[in-house]
Each structure stands twice: as C-alpha cells, then as structure tokens.
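A note on names: the letters A, B, ... follow the listed sequences, proteins ahead of strands, and every chain is numbered from 1. Not measured: the values here are computed from a predicted model.
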Amino acid sequence: MFALVDCNSFYASCEKIFRPDLRNKPIVVLSNNDGCVIARSAEAKKMGIKMAQPWYQIKSQYLSNGGIVFSSNYEFYADISNRVMNTLTELCPEIDIYSIDEAFLDLRSFKRNIDLVRFSYDCRKRIKKWVGVPVSIGIAPTRTLSKLANKVAKDDKRFEGVAVFERKEITNYLLKKTDIADVWGIGRKLSKRLKEIGINNAFELSKLNPRLAGNNFSVVLEKTIRELRGEPCINLNNINEPKKQIVVSRSFGRGVTSKDILHEAVSFHANRAAEKLRHEKQKCRLITIFIRSNRFSNRVKQIYASKHINLIHPTSDSRIIVKSANQILNMIYREGYEYSKAGVLLSDFVNNFGYQMSLFNRAKDTASSERLMKTVDQIKLKEIAKIGFGNLGFRNTWKMKRQMKSKRYTTNINEIPFVK
DNA sequence: TCTGGGGTCCTAGGACCC
DNA sequence: TCTGGGGTCCTAGGACCC
C-alpha cells in the first residue's frame, strides 16, 4: 500500500499559521509578479475563485467581499514544507517527497495488521499540532490510486481527510465517479483523445487493455492503466537523485524593448542559476537562454527566441555562466519586439567530483575559480554585502511586483512573530 | 495595463555506424 | 531502371506534473 499525504491549500494554510485572526477568512496567494492565483483557502474556493485565475480580473470584487491576499513567500513555504516532511519521515522512513506540499509513503514494509485508518489520523493530528497545517491522506495499492483516494479524502467531507481504498467494490464505485481528466498522468491532450473514443471515467479507463493502449498511445498511459487496476508500476525512488536541469526565469513587471534591460535580467537570472548549481554541487555543460513576448497579448508582435551553447569544459563559475548567457542574448535579440519574459536554463550536468577535464583546462584555474565562488557564496549567505557578476543594473524596471508578501516568520530573526 | 515558475519523462526523427 | 537492413545515440519538443 501507498499513502499520499498532501497539504490542504498549502500556501494559504501557511499564511494562516501565525495569523490566528485569519482563521475563517478567505485567503488567496498570488504567483510571482502578483499575476494569478496559485492557492486558495477553502473559504476563497467557496467564493468561486478559480485556480490560476488572473488577479486583476477578480481583485476589486474579491477585496470588497472581505478577501485577504498575499504575494507568494517561497522562503517561508519551503521552511514549513521541510517541517512537514521531517515529521512524516519520523512516521515512515520510506518517503518520496513529490512536491513542496505532498509526499508518497511506501507502506509495504509496515506490519500487515496495522490499522491504516488509525495511522493516518495520527499522522494528520501530529502534523497539525507540530507544524500547524492541515493535510489529507489517501491510501491505496498503487500511487495513482492513492492520488485518487487523496482527492476523495479532500473533497468528500464524510471522510474527514482520510480515505483508504481497500475494498474492490468501493474503489470501483469511486473510479466510476472520477473523470479521466482527474487521473494522475492524464492531462488536457490525452483526456480529449480518450473522450473521443468514449472513455470518460477512470473505471472505463481501467478496463482498457494496457498493452494495446500502450501501443496506441504511450507507455505512460499503459502504466497509468496498470496502476488503476492495482498493479504498482510507477517508481519514484528519487530521494537523493541530483537535479538534471536548473531553470531561472521571470516575467517582467511590464513589457521590455531595451536590449540593455534584457542584459540586466539575463545576468541576474544567470547569477541565480549558477548559485543554485553550486548548491547542488554540480557543474553544467549546456547553457540555454530564451526571451519571449507576452503570449496572451494580441496587441504585441509575438516572438520566442532561444539558443544554447555548449561549454568546452563543465563549470559552475558565475563569471563564465553570466558571460555565456549574455553572448547568447546578443545572438538571439531582435529589435522591434516587446519582451515580457526571459530565462536561463542550465543542463547536461556532471558531478563536482571526478569528471573528464578538457585538454586545455588547467587544474590551477579550476581551483582558483572554486575558491572565488565559495567566497562569493559565503558573502551572500552571511548578508555581508550585495554581490554578483555582470551588468545587474540598478534600474529594476524589469523586476517583479510582490507587494503583499508576508513576513519570513521562521527563517529571519528580524521577522519572527510577536506576541503582545 | 495587469495572465507563474520549475521540474520530469517520453518520443520522433536525424545523424551516424556497420 | 534497379539503390539494404538494423542498430545506437542524441536532441528538440511535447505532455504532464505541482
């Protein structure tokens, strides 16, 4: 059996932890740039606020109805997430952290006669008490089914946050009530194609021949079908697997036409990407840059430009990464367009230890680069000074809006909560 | 005026090899 | 006029996820 533990309205629940005055208030949390809604408390959902809805469309009505809004505060959410995951790890060491707010527990090593419902309620209670966020738990023979069980636990009040799919009849009954678009792994395209051939709910999907479906669609669908039938075949097991790519990208606060400002943004993202890369203890061989116009706008001429370069030898040196990023920008920039987003993507990683050096790469240079980068990272970490490479600029015209951010209650000593 | 950001995995097709 | 067959590796792009 597998359990999926998922925090309810995670970001919104985080915002409530240190604000008891918000207990029963509608709360939404916005994406970067205060662009659209990415989390809603139960009260906000009741008001009809939709996921990913653009903020400007609902702002005035939502606020006049007493709604509360926050810009996203990832430093805070990441810290709360760690606390949730640490608590879970104590309860079940076989854990796959799947995203910031959910984790799979592999219960196959548990004793056979353990009361899973009881275990789940204990889990829930402990996380609520120790960390302060509510979670829902779904348990089933496969990960895909545990996802569905979790959804039932969340949506159907009778389950009180815990659903265990054990009996076949109950599972089938619920599968029949589940639209295929709600099945993990079935997205927009697949659900459209499946509905065209008359497959509408999860039960019908589970009755398809897995191998045939695999040949006609993809192995992903084949695995999903097998999982719906109770045969575990999706393995995560990526607990300590290193990342394969690092992306840093942002939309600008407003449209940008100036090449200079694009250079600032690209330098800024490249700096950040290099930091993340060093934090992962990896080096990259491939740097990709992209710039694009606002794809929602029919006012501006559309453009998407991207290009990558291979490095002669792997690096995590900010100077090289920033310089290469700006070289690419020079190659892809075209005048006469209004850009709304830029991004830096690092990939093709090698481990810091034991990789092939190029013929012309001198060990001495590598050592001095690593010392310099280490120093830079320390200066930043200890907030001794602001430091970075390339033309980072002072204008900040492209930086994002984030006007309603809460405090870093748990990670900054100057912002800890006060009790008066 | 204002529509997120960061990931993974799979596949088709090209390049290349014998 | 007639121009093989089978394999690997790599990459860009699509689909999906939260």
Output the rounded distance in Å from [atom1] ([X]) to [atom2] ([N]).
X        : N     : atom1 : atom2 : answer
A:Phe296 : B:dT1 : CZ    : P     : 17 Å
A:Asp34  : B:dG4 : CG    : P     : 12 Å
A:Glu338 : B:dT3 : CD    : P     : 11 Å
A:Lys59  : B:dT1 : NZ    : C1'   : 11 Å
A:His279 : B:dG6 : NE2   : P     : 16 Å
A:Phe290 : B:dG4 : CZ    : P     : 12 Å
A:Gln245 : B:dT8 : CD    : P     : 5 Å
A:Arg299 : B:dT3 : CZ    : C1'   : 14 Å

NZ of A:Lys16: more than 12 outside heavy atoms within 6.0 angstrom?
yes

Might you confirm whether atom NZ of A:Lys259 has over 12 heavy atoms from other residues, nucleotides or ligands at distances under 6.0 Å?
yes

Consider the side chain of [X], meaning its heavy atoms from C-beta on, and name the nucleotide among [options] that approaches it most closely.
X        : options               : result
A:Lys341 : B:dG5, B:dC10, C:dC17 : B:dG5
A:Lys147 : B:dG4, C:dC18, B:dT3  : C:dC18
A:Tyr98  : B:dT8, B:dG4, C:dC17  : C:dC17
A:Lys244 : B:dT8, B:dT11, B:dT3  : B:dT8
A:Val219 : B:dC10, C:dC18, B:dT3 : B:dC10
A:Ser99  : B:dT8, B:dG5, C:dC18  : C:dC18
A:Asn32  : C:dC18, B:dT11, B:dG5 : B:dG5
A:Ser249 : B:dG6, B:dT8, B:dT3   : B:dG6
A:Lys189 : C:dC18, B:dG5, C:dA15 : C:dA15
A:Tyr56  : B:dT3, B:dT11, B:dG5  : B:dT3

Could you let me know what B:dA12 is paired to, Watson-Crick or G-U wobble, both distances under 3.5 Å, or none if it's on its own?
C:dT11

Pairing partner of B:dC17 (Watson-Crick or G-U wobble, both distances under 3.5 Å):
C:dG6

If you draw the axis of the six-membered ring of A:Phe104, does the NZ or CZ of A:Arg143 fall within 45° of it and under 6.0 Å from the ring centre?
yes

Answer whether the closest heavy-atom distance between the side chains of A:Arg40 and A:Ser9 falls below 4.5 Å.
no

Would you mind reporting whether A:Pro232 and A:Arg226 have side-chain heavy atoms less than 4.5 Å apart?
no

Side-chain (A:Asn73) to main-chain (A:Lys407) donor-acceptor, under 3.5 angstrom
yes

Is the shortest side-chain N/O distance from A:Arg188 to OP1 or OP2 of C:dG14 below 4.0 Å?
no

Does the side chain of A:His308 get closer than 4.0 angstrom to OP1 or OP2 of C:dA12 through an N or O atom?
yes

What is the nucleic acid contact for [X], judged by heavy atoms within less than 4.0 Å: base, sugar-phosphate only, or nothing?
X        : value
A:Val344 : nothing
A:Asn294 : sugar-phosphate
A:Trp55  : nothing
A:Leu30  : nothing
A:Ile186 : sugar-phosphate

Can you say whether the rings of A:Tyr339 and A:Tyr337 are parallel (under 30°), tilted (30 to 60°) or perpendicular (over 60°)?
tilted

By nearest-nucleotide position on DNA chain B, the 5'-leaning member of A:Ala52 and A:Lys243 is A:Ala52

Between A:Arg295 and A:Val247, name the one whose nearest nucleotide on DNA chain B is closer to the 5' end.
A:Arg295

Rounding to an integer number of angstrom, what distance separates B:dC16 and C:dG4 when you compare their C1' atoms?
16 Å

